[in-house]
Amino acid sequence: MFESITAIVQGNPYFHAGAGLYGIGAAMMFARTGGRLGKEYFKRRFLTTVEVTNRDPAYQWVIEWIAKHHGESYLHKSIMTSNLIVHANDSVSAKMRYVPSPGTHFFIHGSRFYWVKRSRQIEKTHGTDVLETVQIGTLGSSWQAIDDILQQASNEASILDEHQTVIYTTTGSKWVRFQDPRTKKPLQSVVLPADKKPRILRDISRFLSDRSWYEGMGIPYRRGYLLYGPPGCGKSSFVLGLAGELSMAICILSLSNRHLDDEGLVLLLNTAPQRSIVLLEDVDRAFSNDSRVTISGLLNSIDGVAAQEGRLLFLTTNHIDKLDDALIRPGRCDVKLLFPNSTPYQQQMLFLRFFPNQKEASIRFVDAIAQASRIANIKDGPSMAALQGHLFSFRESADECIASIPEFIEGETLPP
């Protein structure tokens, strides 16, 4: 058979002229194209896949779900470390989880076969970003099988975060979830001057429920808060307590980051996760010689044409007098809240948190601070941080705590 075909080819003048070789090449090209199209048709018709990037919150949910339910199904793994603690003797303790390494892995879930493909690439934009993707696929055209996994991963993540405050930090020009969420801080643990806390809570709750009103009035749906006052008076603690009370995440942004410029700042403030509080701490120290962020860039990112809607922005400062008037005007900082050194009311409420049901002792505590401050010619009360430190040191005895107030006001912090 082969010899007869060879004889025909050799005796055919068209093959000697090259036409036959051209025909064979064309046939092979059509065969390759047909194979590729057939493969693509099969993938689109008989395979169901979903892809998630690490810029989406669902990425962490999916990775955690695979590690929890099918960690034994793959041999090649990456390590994710959390709850890292460095002890005094330099020993380290941490919680380690094994997750799928970059590459393709396979598992069976609910009698159905799945594969997971995890990939990673580095992008050099506004610093160095690592873009990771995870793709889950299965045989069949039903989307329900993939959706069940995503719903289960989401539900399990919600249960884990129910009593925690999720914190985001920045890497390059994107938000990344901090590995270890914080236990929700009770808002009642933050003691403010009387009636300030309920007023700010009412304002935020009204804002969160008034989106349609803002849209109807043509007012940008965002709100800014400026917390100012001396160091150690609870500004950051208050934001953490608010986030826990409202079940919101916190996005911490440092304007002094040398890898952050105006363009990156605009991108970050426009892509903050939904239901989150964006926190800019110590904004008065932002525009140092090392900072690449300008005041005009900050103003544009807060309320420019492309500024994100539905955002709660909190700025903190120890020196409001150092801030540009354009930054703290209404529309950018709609509410300004002073966090002063401790008032008599705050001193008494904080004492009662350490020594409940000792109201008479709390009055003596406040009187002792006032008397010691007069003798030391100190007009303002101590900071809340310092006062809490003193109460913590003497938490086993209210009487000793009160008796040691003169030394505390003079600046001594020696525990009993």
Side-chain angles (χ1 to χ4, degrees), residues 28-82 95-123 125 129-162 164 166 168 171-172 174-181 247 249 271-276:
M28 293 177 65
M29 181 188 70
F30 281 119
R32 285 197 303 269
T33 303
R36 187 174 66 251
L37 292 176
K39 179 182 178 181
E40 190 65 27
Y41 175 79
F42 179 82
K43 287 172 61 178
R44 292 181 178 276
R45 186 70 179 82
F46 300 106
L47 301 180
T48 302
T49 62
V50 64
E51 182 179 86
V52 186
T53 73
N54 61 341
R55 293 172 182 169
D56 190 289
Y59 178 86
Q60 193 67 31
W61 308 343
V62 172
I63 289 291
E64 295 280 0
W65 183 89
I66 296 171
K68 177 180 178 181
H69 294 279
H70 300 284
E72 302 300 324
S73 301
Y74 46 89
L75 298 177
H76 305 285
K77 307 179 182 183
S78 296
I79 293 178
M80 292 181 64
T81 303
S82 61
K95 177 183 178 182
M96 293 189 298
R97 300 187 301 280
Y98 294 99
V99 299
S101 65
T104 303
H105 311 270
F106 306 94
F107 65 88
I108 295 176
H109 180 73
S111 73
R112 182 183 283 269
F113 176 79
Y114 294 86
W115 67 88
V116 177
K117 183 179 180 181
R118 186 181 179 194
S119 58
R120 180 183 297 158
Q121 68 183 63
I122 297 177
E123 296 182 338
T125 304
D129 286 355
V130 178
L131 176 64
E132 294 191 6
T133 61
V134 60
Q135 183 186 79
I136 300 179
T138 187
L139 294 170
S141 57
S142 173
W143 173 249
Q144 189 63 42
I146 298 289
D147 187 61
D148 288 344
I149 288 179
L150 297 179
Q151 290 296 331
Q152 187 176 351
S154 174
N155 293 338
E156 291 183 5
S158 298
I159 293 173
L160 288 175
D161 294 340
E162 184 177 358
Q164 297 177 316
V166 176
Y168 290 88
T171 297
K174 67 183 180 68
W175 295 103
V176 293
R177 175 170 166 158
F178 196 67
Q179 287 294 330
D180 303 321
S247 296
T271 57
Q274 294 296 313
R275 284 199 63 81
S276 63

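Please read all numbers here as calculations on a predicted model, not as lab measurements. Each residue takes its place number in the sequence, starting with 1.
Here the CG-NZ distance, from N54 to K174, works out to 4.5 Å after rounding to the nearest 0.5 Å. How far CH2 of W61 is from CD of Q151: 9.0 Å, rounded to the nearest 0.5 Å.
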Side-chain polar contacts of residues 109-118 - donor-acceptor pairs under 3.5 angstrom, sequence neighbours left out - could you list them?
unit_1: H109; atom_1: ND1; unit_2: H70; atom_2: NE2; d: 3.1
unit_1: R112; atom_1: NH1; unit_2: L139; atom_2: O; d: 2.6
unit_1: R118; atom_1: NE; unit_2: Y59; atom_2: OH; d: 3.1
unit_1: R118; atom_1: NE; unit_2: E132; atom_2: OE1; d: 3.4
unit_1: R118; atom_1: NH1; unit_2: P100; atom_2: O; d: 2.4
unit_1: R118; atom_1: NH2; unit_2: E132; atom_2: OE1; d: 2.8

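The shortest distance between side-chain heavy atoms of W175 and P273 falls below 4.5 Å. Residues I149 and V50 fail the side-chain proximity criterion, which asks for heavy atoms closer than 4.5 Å.
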Chi angles and distances behind the side chain to side chain donor-acceptor pair (under 3.5 Å) call for T138, T48: CA-CA 6 Å; T138 187; T48 302; over 6 Å; no
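Among residues two or more places apart in sequence or in another chain, the side chain to side chain donor-acceptor pair (under 3.5 Å) test is passed with T53 by none. Qualifying side chain to side chain donor-acceptor pair (under 3.5 Å) partners for W65, counting only residues two or more places apart in sequence or in other chains: H69. Q274 meets the side chain to side chain donor-acceptor pair (under 3.5 Å) test with no other residue; sequence neighbours excluded. Not a single side chain to side chain donor-acceptor pair (under 3.5 Å) links T49 to another residue, sequence neighbours left out.
Using a distance-only test at 3.5 Å, with no hydrogens or angles considered, no donor-acceptor pair links the side chain of S78 to the main chain of V99.
Sorted by first and then second residue, the pairs that involve residues 142-159 and meet salt bridge (Lys or Arg N to Asp or Glu O under 4.0 Å), not counting sequence neighbours, are K68-E156.
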